[in-house]
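Source: prediction; values computed, not measured.
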Amino acid sequence: MMGKLEEIYPIAIEQTKQKVIQDIERYLETQEMLPAWQTYISDRQSYIEQIWINVWLNKASNDVPRKEKKAFLNEKGYVTEGTDKKIVNQLFRNELRNYYPFDVLPWLKQTLSENEQDWEQRYVNARQTFFKRQEEKRQAEQRWHIREKLQKAAYEFLDKNAFLSYLHVRYHVARMLSDDIQNKKKYHYTEPYLLEEPLRVQGELNATDYVMLTDFFEELTGDIHSLFVWGRSDFEYETYFYRYERIVSEFILDFAPKKVIEHLPEKLMKEYTEIYGEPLTAGTLKGVLRDELADLSEACFDELQEEYLSDLLRLAEVPFDETLHQEIFEKDEATREQRLAEELAEQERRKAEEERILDDIFGKAYSAALGKNTRYVLHIGETNTGKTYQALQKMKSAQSGLYLAPLRLLALEVYDKLNAEGVPCSLKTGEEEKLMEDARHISCTVEMFHEKDYYEVMVIDEAQMIADKDRGFSWYRAITKANAKEVHIIGSQNTKMMLLNLLDGVDIELHEYSREIPLEVENEEFSLKNTKKGDALVCFSRRRVLETASSLRRNGHNVSMIYGSMPPETRKRQIELFNRGETSVVVATDAIGMGLNLPIRRIVVLENEKFDGTSRRRLTSQEVKQIAGRAGRKGIYNTGKVAFTSDIKMMRKLLEQADEPIKTFAIAPTSAVFERFQKYYRNLGIFFELWDRFDPPKGTKKASLSEERELYELVRDTEIEVRFSLMDLYGFLHLPFSTKEPRLVNQWLDTIFAIAENRELPEPVIKRGNLEELELSYKAIGLHLLFLYRIDRRSEAIYWERVREEISNGVHDQLKDEVINYQKKCKQCGKKLPDESRFPICDSCYHSRYRRRHRSSQH
């Protein structure tokens, strides 16, 4: 014998004996007369012989460990290493069938066959047990039958008298309610689950604060109660909703069974007493009717929640009389229905009035008001096809002209170009003004457009920006409210149908442009060592620009850099270096794709993905075209080349793919909208709510106003709202600066409070420690200038423009140092990384992190 087998063997024998004895009792209880011992053996022999095998095999299979089973089988000559668990179990059971068998029949004959008196007594006991069980079954059936009768009779009574029950509940709740309002305290509201916050008494409960009973139910009782949620009990502060739900349930459980007993048929009561041996009580009936009483409680509680609090408080003073309380309820219900109808009518009236107000405020603001005497000239085509050049030629030759740019840099470029060609031109952006003597031409950003100013020729650049969710409305406004003899609109191919639809009914001249210089995609994947003169390498982060430029410089290239956060003046100087041939290569972000004309031989897209503010995603077809279109320059390169570092086939497909036409454009609040809004409200919070509810016209989408809302929350319910008009306040919220920079947001807040309090404006913080600090200082001065021009303090602005120019020069100088000294380093340990490293951490840090993760996953 082995360990566990030896231990369970006697247990299996005892279980077998018990099963045989049980079988004898079951056999005897069904026999009308005492059967002979041999008759039993004859009838049940095969079963008796099988009992031991079943018990022994099941017991051994379940109780013997797998290790011991394998050892047992190994002794029998089996190989169990690597054998499936099911096969091991089957082999083990097969071997046990004849292993020390217990012979049941000899034991049974020795125990019972020689004792006839014992056999007869077993028969008598078995039959008595059988008859007793049969009687219990009969009684159980009788009791179940009487229980069904009781439930049916009680349900019929409760259903018929549900209204009477509700009248009693209503009166009981009314008295409890009157007592609570007179004697309980009102607490400052706290979310019920916040038990760590102590409740604070606000004062006395006041009935006039509540219209419906449900309004009162939201108050906190001051107690803590338990809720069963998702399989476990949670504790929270109790509201009166739960208190009165419990009050109604307890009242019904006490009241309803007593009423039912009073009206049950006497015959049914007598039958119950006969079967159960005791009279029916309200307590017993409560258990029988638990589900029915729960349904009645729920129905009464639901009805209560339709009640007016004032009706119940009046009812508390009237002693209960069924007829009187029924009259009071019917009167209250009629009044309630009338009040409800009046409330619904008022809601409908308010809704209609709100829709009228929304239509009055917003309805007329977004319909095009095209000048009938204005001629529109559309310049539609791909990047780098001369569209802007043709439009500017018309503007230069006009008596007066306005150029609207998407970027301050482009406005600055046109300003410089026109003045250099002998056409006096002023510059106006939100952050600066350069007014030229006798100038009748202005170059500005699109947000600076004023529809009251007349020009002979207007030029609106990059019209595809009309689809931008935040800035697009500035293009829409400029196009539809243009006050000019001739308006030139420059846009990509996918804007064509939108512009034609928008300008329907006016004089339109369409010019379509295609590239004279073909684009050629290189078949070989680009490597940095293959960089040549005239290349523009495009990536999507400032860090990658500096990293790439530094690597190229160490390999003998002179490099210009362009990226989004770079000051426009610095960007302009970097472009000039490339144009003059002082640098041979440009490294840029996709900022290069917006209106910059450079003598680029080849565009190299270093990355096929970019981070768009929320996640990394693949470049779109339009983005690839915008960037790649900068390759090739008429008169310098007959072919524009495009190279990619990977997935050339996919990127070529994006470059050749037809653009999705622009179908919607963005709309934003206008001064006219605010003027109409002020007829009804004086609060910007309400304006933002109405803006959310306003359904924009077909083919348009609303600007999110997310940045304006975030800034508004900083000044909401402060003196700022009192000191400024709605238009002035919105103007400050709408200033174009980076709200993702906490330092700039703090500067904005300090400045707006200073203006409101009529004190000196805080000066922008200027730091010159490194490139990032210089660029942020440049933005801080830009924000300061936005405020100065908005409050018409131009003399101060001149000083700060000079300071900003110094900062811009500092950025230019710092760039040289950054490129010379830039070293790619591991962002974890700071160790120098080789230029060709694809990852921001070194191998040792990577493997160390992997080992830590591996160990933690094992634990």
Next item on the list: Flag the pair Lys481 / Phe449 as yes when at least one side-chain heavy-atom distance between them is below 4.5 Å, and no otherwise.
Entry: yes
Checklist line | Considering all heavy atoms, the nearest Gln305-Met212 contact | finding: O-CE, 4.4 Å
Next item on the list: Please confirm whether Phe473 and Phe665 have ring centers closer than 6.0 angstrom.
Entry: no
Notebook entry, point to check: Which distance, rounded to the nearest 0.5 Å, do you find between the CD1 of Ile252 and the CD of Glu292?
Noted result: 13.0 Å
Next item on the list: Using a 4.5 Å cut-off on heavy atoms from C-beta on, say whether the side chain of Val248 contacts that of Leu304.
Entry: yes
Next item on the list: Would you check if Thr718 and Val715 make a side-chain contact, meaning some heavy-atom pair closer than 4.5 Å?
Entry: yes
Margin query: If you count heavy atoms of other groups shown closer than 6.0 angstrom to CD of Glu342, is the number above 12?
Written below: yes
Next item on the list: Apply side-chain contact (heavy atoms from CB on, under 4.5 Å) to the pair Leu684 and Leu733, showing each step before the final yes or no.
Entry: CA-CA 11 Å; Leu684 260 182; Leu733 297 176; 3.6 Å; yes
Item checked: Asp692, CG: over 12 other non-hydrogen atoms inside 6.0 angstrom -> yes
Notebook entry, point to check: Does atom CZ of Phe157 have more than 12 heavy-atom neighbours, drawn from other residues, nucleotides or ligands, at distances under 6.0 Å?
Noted result: yes
Checklist line | Gap between atom CZ of Phe688 and atom CD of Glu708 - 0.5 Å precision | finding: 6.5 Å
Notebook entry, point to check: Any salt bridge between Asp179 and Arg175, counting N to O under 4.0 Å?
Noted result: no
Margin query: Could you check whether Phe687 and Tyr681 have their ring centres less than 6.0 Å apart?
Written below: no
Check: Would you say the side-chain atoms of His325 pair up with the backbone N or O of Leu164, donor to acceptor, closer than 3.5 Å?
Finding: no
Check: How are the rings of Phe694 and Trp691 set relative to one another: parallel (under 30°), tilted (30 to 60°) or perpendicular (over 60°)?
Finding: tilted
Next item on the list: Answer yes if the side chains of Tyr680 and Asp360 hold a donor-acceptor pair under 3.5 Å, and no otherwise.
Entry: yes
Note to self: Within the supplied structure, the quantity of interest is the number of heavy atoms (other residues, nucleotides, ligands) at a distance under 6.0 Å from Glu713 CD; does it exceed 12?
What the structure shows: yes
Notebook entry, point to check: Are Lys185 and Glu204 close enough, and set up right, to give a salt bridge (charged side-chain N to carboxylate O under 4.0 Å, His left out), and what steps lead you there?
Noted result: CA-CA 5 Å; Lys185 299 294 182 185; Glu204 305 296 325; 2.6 Å; yes
Check: Does any donor atom in the side chain of Ser178 or Gln182 lie under 3.5 Å from an acceptor atom in the other side chain?
Finding: yes
Notebook entry, point to check: Quick one: does Tyr240's side chain get under 4.5 Å of Glu218's, heavy atoms only?
Noted result: no
Next item on the list: Identify the heavy atoms of Asn683 and Ile686 that sit nearest to each other, and give their distance.
Entry: OD1-N, 3.1 Å
Item checked: Donor-acceptor contact present, side-chain Gln151 to main-chain Val288, <3.5 Å -> yes
Check: So, Gln747 versus Arg743: side-chain donor-acceptor pair below 3.5 Å or not?
Finding: no
Item checked: Exercise: do Glu322 and Gln326 side chains pair donor with acceptor under 3.5 Å -> no
Item checked: Lys/Arg-Asp/Glu bridge criterion (N-O < 4.0 Å) met for Glu219, Lys184 -> no
Margin query: Is the terminal nitrogen or CZ of Arg200 (NZ for Lys, CZ for Arg) located under 6.0 angstrom from the six-membered ring centre of Tyr187 and within 45° of that ring's axis?
Written below: no
Margin query: Taking NE2 in His734 as the centre, count heavy atoms belonging to other residues, nucleotides or ligands within less than 6.0 Å. Is the count above 12?
Written below: no
Note to self: Is any side-chain heavy atom of His168 closer than 4.5 Å to one of Phe251?
What the structure shows: yes
Note to self: Tell me whether Thr335 contacts the main-chain N or O of Lys331 through its side chain, where contact means a donor paired with an acceptor under 3.5 Å.
What the structure shows: yes
Check: Would you call Glu307 and Arg170 a salt bridge, taking side-chain N to carboxylate O under 4.0 Å as the test?
Finding: yes
Check: Do Glu354 and Arg693 sit within salt-bridge range, that is, some charged N less than 4.0 Å from a carboxylate O?
Finding: yes
Notebook entry, point to check: Is any side-chain heavy atom of Glu741 closer than 4.5 Å to a side-chain heavy atom of Lys779?
Noted result: yes
Note to self: So does Leu220 get a backbone contact from the side chain of Lys186, meaning a donor-acceptor N/O pair under 3.5 Å?
What the structure shows: no
Next item on the list: For Glu721 and Tyr712, run side-chain hydrogen bond (donor to acceptor under 3.5 Å, both in side chains): C-alpha distance rounded to whole Å, both residues' side-chain angles, the deciding distance at 0.1 Å, then the answer.
Entry: CA-CA 9 Å; Glu721 287 202 285; Tyr712 174 67; 2.5 Å; yes
Check: What do you reckon, is CD of Glu298 surrounded by more than 12 foreign heavy atoms closer than 6.0 Å?
Finding: no
Check: Can we call the ring centroids of Phe724 and Phe732 under 6.0 Å apart?
Finding: yes
Next item on the list: Start with the C-alpha distance between Met497 and Lys663, add both sets of side-chain angles, then the distance that settles side-chain contact (heavy atoms from CB on, under 4.5 Å), and finish with yes or no.
Entry: CA-CA 8 Å; Met497 290 313 298; Lys663 295 177 181 174; over 6 Å; no
Item checked: His145 atom NE2, over 12 foreign heavy atoms within 6.0 Å -> no
Note to self: Any donor-acceptor pair under 3.5 Å linking the side-chain atoms of Asp728 with those of Ser725?
What the structure shows: yes
Checklist line | Side-chain heavy atoms of Leu711 within contact of Phe737, under 4.5 Å | finding: yes
Note to self: Tell me the closest heavy-atom pair linking Thr273 and Pro279, and the distance in Å.
What the structure shows: OG1-CA, 3.5 Å
Item checked: Spatial distance of atom OG1 (Thr221) from atom CD (Glu238) [nearest 0.5 Å] -> 3.5 Å
Margin query: Hydrogens and angles aside, do Tyr244 and Asp180 bring a side-chain donor and acceptor to less than 3.5 Å of each other?
Written below: yes
Next item on the list: Please round to the nearest 0.5 Å and tell me the distance separating atom CG of Asp332 and atom OG of Ser310.
Entry: 8.0 Å
Note to self: Looking at Arg350 and Glu353, is there a salt bridge between them, counting it only when a charged N and a carboxylate O are closer than 4.0 Å?
What the structure shows: no
Note to self: Contact between Leu309 and Ile181 at the side-chain level, heavy atoms closer than 4.5 Å - yes or no?
What the structure shows: yes
Note to self: Tell me which one of Tyr166, Tyr171, Phe320 satisfies ring-ring contact (aromatic ring centres under 6.0 Å, His included) with Phe329.
What the structure shows: Tyr166
Margin query: Is the ring pair Tyr242/His225 parallel, tilted or perpendicular, if the boundaries are 30 and 60 degrees?
Written below: tilted
Checklist line | Least distance between heavy atoms, His784 atom then Leu761 atom | finding: CE1-CB, 4.0 Å
